[in-house]
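Computation of the quantities below employed the complete heavy-atom set of this structure, encompassing side-chain atoms and omitting hydrogens, waters and symmetry-equivalent molecules.
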Amino acid sequence: RYTASDHKWLPSANVAYMLADGLVLRGAAARTLTRADPNQLAPRFDLSLDADNYTIGNPALKPFYADNFDAGIEWYPKSRSVVTFNAWWKKIYDYPYNLPSQQLFSTLNIDFARLSTRQQAGLINLGNGDYNKASVTVVQRRNSDLIINLAGQEASWIQPTDFLLKGTGFNINVTHIKQSLSGTVPVGFNPNSLLAGLAPWTYNGTIYYENKAFQLRFSYTHRDANLS
């Protein structure tokens, strides 16, 4: 049986100040917490069909948390029109990651006799005839000591163009994200894999026409190659 507890103070604050008519300055700060996936906490193990990969759950996996800061300005020049710019910063702590390691089968406390015929054959092959000397890739989710630093900026413009043709308009959005790490990167670990899938630049644009009978929209989206 395994028990664990954690305590985090999660403050947050939001402020808005009207600089002038239709011009608003906003700011926010918050600490947020995300708990681990229950499947990753389960005290389970899974040996692959050929016994070359061994995945272990981690009941000691802790939640990860982030300090978030946002600042932005919004301009409302006319009804239904808005131009915004936002900048944000985020520091993420204890983010979970996988760092595979090579271990001898003899150290894993697995009963060889209870394995399938295919798994036994795989281990014998990996150990060149001695399954105890087979090198198995062990994967277990762990909390990282690295601090993930994210910084981003987002600009958007929503503009009806009824002055050109009633019912028309456009939306434009541009987002930039930069990622860096603080701390010592473990040997053999790809630091970008902590938050894989982030695109440094993203662009979105939509033009539209709408009336009481129908709507017509054309949209374009571009994403840079993801970090991986």
>> For Thr206 and Ser219: C-alpha separation, side-chain torsions, deciding distance, then whether side chain to side chain donor-acceptor pair (under 3.5 Å) applies.
In response: CA-CA 4 Å; Thr206 299; Ser219 297; 2.9 Å; yes
>> For Thr221 and Asn204: C-alpha separation, side-chain torsions, deciding distance, then whether side chain to side chain donor-acceptor pair (under 3.5 Å) applies.
In response: CA-CA 4 Å; Thr221 299; Asn204 300 282; 3.0 Å; yes
>> Test of understanding: with side chain to side chain donor-acceptor pair (under 3.5 Å), list the residues that count as partners of Asp37, not counting sequence neighbours.
In response: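 Side chain to side chain donor-acceptor pair (under 3.5 Å) list for Asp37, sorted by chain: empty.
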> Does Trp157 have any side chain to side chain donor-acceptor pair (under 3.5 Å) partners at least two apart in sequence or in another chain, and if so, which?
Replying inline: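 Here the qualifying residues are Gln159.
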> Is it true that atom CZ of Arg114 has more than 12 heavy atoms of other residues, nucleotides or ligands lying nearer than 6.0 Å?
Replying inline: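 Counting neighbours around CZ of Arg114, 12 or fewer heavy atoms of other residues, nucleotides or ligands fall under 6.0 Å, so no.
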>> As an exercise, state the distance from CD of Gln102 to CG of Asp52, rounded to the nearest 0.5 Å.
In response: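 One gets 9.5 Å once the value is rounded to the nearest 0.5 Å.
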>> Distance check, rounded to the nearest 0.5 Å: Trp89 atom CH2 versus Asp70 atom CG?
In response: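 If I round to the nearest 0.5 Å, the distance is 8.0 Å.
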> Which atom pair, heavy atoms only, marks the closest approach of Leu47 to Gln119?
Replying inline: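 Reported closest heavy-atom pair: O-NE2, 3.1 Å.
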> Taking a hydrophobic cluster as the set of Ile, Leu, Val, Met, Phe, Trp and Tyr residues connected by side-chain heavy atoms closer than 4.5 Å, whether directly or through intermediates, do Tyr54 and Leu126 fall within one such cluster?
Replying inline: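 Unlinked, Tyr54 and Leu126 end up in two clusters.
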> Going by atom types only, do Ser182 and Asn149 share a side-chain donor-acceptor pair under 3.5 Å?
Replying inline: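 Yes - a donor-acceptor pair under 3.5 Å links their side chains.
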>> Can you confirm if the aromatic rings of Tyr93 and Phe64 lie within a centre distance of less than 6.0 Å?
In response: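 That pair fails the under 6.0 Å test.
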>> As a test of understanding, state which of Lys91, Lys90, Arg31 forms a side-chain hydrogen bond (donor to acceptor under 3.5 Å, both in side chains) with Asp67.
In response: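 Output: one option passes, namely Arg31.
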